[in-house]
Amino acid sequence: MDLAEVWERARQELKGICSLCRVCDGVVCAGQVPGMGGIGSGAGFQNNVTALARVQLNMRTLHAAARPNLKTSLFGVELSLPVLGAPMAGAGVNFRNRTTEEDMSRWNIIGAYQAGTLGSCGQGPDPRILNAGLAAMAETGGAGIPVIKPTPWEEMAPLIEQVEKAGCTALGMDIDAAGLINMRRAGYEVGPKTADEIARIVSSTKLPFILKGIMTVDEAKRAADAGVAGIVVSNHGGRCLDGTPGTADVLPAIAQAVKGRAKVLMDGGIRSGVDVLKALALGADAVLVGRPIIAAGFGGGVEGVRLLFDHYRDQLETAMILTGCQSIGEIGPHIIYQA
Ligand SMILES: Cc1cc2nc3c(=O)[nH]c(=O)nc-3n(C[C@H](O)[C@H](O)[C@H](O)COP(=O)(O)O)c2cc1C
């Protein structure tokens, strides 16, 4: 199987849900939530892609970085490349039951694991969603990051324990799900958390705790003050709040503000190894990929996802050679072109 076949099959499998556009930029699917799109006008999703596209790189070839080392370490785990699978859930609502939570989780988590990196899973009103993720992580000996919802402490505490017992790499929370009123309607009391509540979660678990959905410097600082191990600069792929800026636009100031205190991950619109390089040059330690992972899963299952990670690794390696970066740590703002 190769990636061309994966995309061809994905196109069939996702007919009427996702067009597998040449560039996955949120234009055709604007407003398709549930589905693959961004909410409302689709601007949050589209801004992610355009913000990255605006970044231009300095091509540099007079150096000795001929065989870059792409490995990096995150939350105590060595990764073969600084790219992770983003949590993706909702086989029923988003994909009209053309797949199952179990399959989606396996594609993401085992595909990433086979590529030498980490996948993740989400949580939803149906307990099967988180359980499917944990079952896939059990196959990898716990490698992966479950990302739970910001629910009241009484509902959250048993889940934290469950994740801890499963021996997962880290625990995440998509705090930007705070406004998902469809969850509330399903009897699921999601909502915002105060910095004190975040600190309580941090101190309740031995696992590194990652807050996903940070878009401002102020909140990044407060998350770091509360002791989180990492943040994900993310607007949930533009699916929570219409009109959010591109994550690549807000990333540099946020990364600068919490440098050395919390790992900074970023997602939204990462579509190639060159995009990975750009995000790292803007200050991210690693990135997450969402929609392309799911499409690759529909097209080729676990192997399709592994092939996608391999493809990003090849592209990133080429881009590192052509910008003179021997290691992930050497990637920095100096490779960004300033007019
Ligand atoms: C269909 C779909 C389902 C998602 N489910 C979740 C989820 O359960 N939990 C979560 O934190 N984020 C979820 N996200 C957001 C992704 O984790 C990620 O932030 C976003 O998709 C990244 O942008 P990209 O798709 O442009 O790479 C979902 C996104 C999509 C498109």
Side-chain angles (χ1 to χ4, degrees), residues 14 17-18 21 23-27 29-39 42-53 83-96 98-99 101 104-105 107-109 112 118-126 128-130 132-133 144-151 171-180 182-183 188 190 210-215 231-241 244 246-248 265-272 275-276 279 284 286-298 305 308 312:
L14 283 164
I17 296 176
C18 170
C21 300
V23 181
C24 168
D25 59 5
V27 173
C29 58
Q32 291 177 16
V33 181
M36 278 285 236
I39 204 161
F45 179 178
Q46 293 166 27
N47 288 342
N48 287 341
V49 177
T50 51
L52 275 167
V83 185
L84 292 80
M88 306 283 289
V93 285
N94 293 311
F95 303 111
R96 301 178 209 154
R98 287 192 203 172
T99 182
E101 296 300 335
M104 270 168 59
S105 294
W107 301 341
N108 189 325
I109 290 153
L118 293 170
S120 53
C121 70
Q123 188 209 341
D126 186 340
R128 277 183 301 181
I129 295 180
L130 181 62
I145 308 176
V147 178
I148 61 171
K149 293 275 178 272
T151 54
L171 169 73
M173 174 180 286
D174 53 331
I175 191 71
D176 52 3
L180 295 182
N182 59 329
M183 293 255 172
Y188 219 62
V190 290
I210 304 159
L211 210 48
K212 174 174 182 281
I214 297 293
M215 287 293 286
I231 58 168
V232 186
V233 176
S234 172
N235 60 8
H236 214 104
R239 291 167 70 83
C240 287
L241 175 65
T244 45
T247 49
L265 286 78
M266 173 271 207
D267 74 18
I270 299 284
R271 301 292 179 257
S272 68
D275 286 340
V276 178
V287 300
L288 278 60
V289 175
R291 294 171 177 94
I293 294 273
I294 281 296
F298 268 100
V305 173
L308 183 62
Y312 289 152

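Indexing begins at 1, ligand by ligand and atom by atom, following the structure's order.
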Indicate, as side chain, backbone, both or neither, the part of [X] found under 4.0 angstrom from ligand 1 when only non-hydrogen atoms are considered.
X	value
Q32	neither
A89	both
K149	side chain

Does an N or O from [X], backbone or side chain, lie closer than 3.5 Å to an N or O of ligand 1?
X	result
N94	no
R239	no
D174	yes
M88	no

Sub-4.0 Å atoms of ligand 1 with respect to non-hydrogen atoms of [X]:
X	result
G269	24 (P), 26 (O), 27 (O)
K212	10 (C), 11 (O), 12 (N), 15 (C), 16 (C), 17 (O), 18 (C), 19 (O)
D267	18 (C), 19 (O), 22 (C)
S234	19 (O)
G122	8 (O)
G35	1 (C)
G237	19 (O), 20 (C), 23 (O)
R271	24 (P), 26 (O), 27 (O)

Would you mind checking which non-hydrogen protein atom is closest to [atom], with the distance to 0.1 Å?
atom	result
atom 15 (C) of ligand 1	H236 CD2, 3.5 Å
atom 24 (P) of ligand 1	R291 NH1, 3.4 Å
atom 7 (C) of ligand 1	P87 O, 3.7 Å
atom 27 (O) of ligand 1	G290 N, 2.9 Å
atom 23 (O) of ligand 1	G268 CA, 3.4 Å

Straight-line distance of [X] [atom1] to [Y] [atom2], nearest 0.5 Å:
X	Y	atom1	atom2	value
F45	T244	CZ	OG1	12.0 Å
I145	I109	CD1	CD1	10.0 Å
D174	C240	CG	SG	7.5 Å

(request) Compare every heavy atom of D275 with every heavy atom of G269, then report the nearest pair and how far apart it is. (result) O-OD2, 3.4 Å
Between the main-chain N or O of [Y] and the side-chain N or O of [X], is there a donor-acceptor pair closer than 3.5 Å?
X	Y	value
Q46	G26	yes
Q123	L130	no
S120	G85	yes
D267	A86	no

(request) Would you check, one step at a time, whether the test side chain to side chain contact (heavy atoms under 4.5 Å, CB included) holds for W107 with I293? (result) CA-CA 8 Å; W107 301 341; I293 294 273; 5.7 Å; no
(message) Tell me whether ligand 1 is touched by G90 - counting only heavy atoms on the residue side and a distance under 4.0 Å.
(response) no
(request) Decide yes or no on side chain to side chain contact (heavy atoms under 4.5 Å, CB included) for I270 and V276, but give the supporting numbers first. (result) CA-CA 6 Å; I270 299 284; V276 178; 3.8 Å; yes
(request) With P87 as reference, evaluate I129, L288, N108 under the side-chain contact (heavy atoms from CB on, under 4.5 Å) test and give the passing residue. (result) L288
(message) What I want to check is whether the side chains of R239 and N94 have a donor and an acceptor closer together than 3.5 Å.
(response) yes
(message) For a quick check under 3.5 Å, do D176 and N235 share a side-chain donor-acceptor pair by atom type?
(response) no
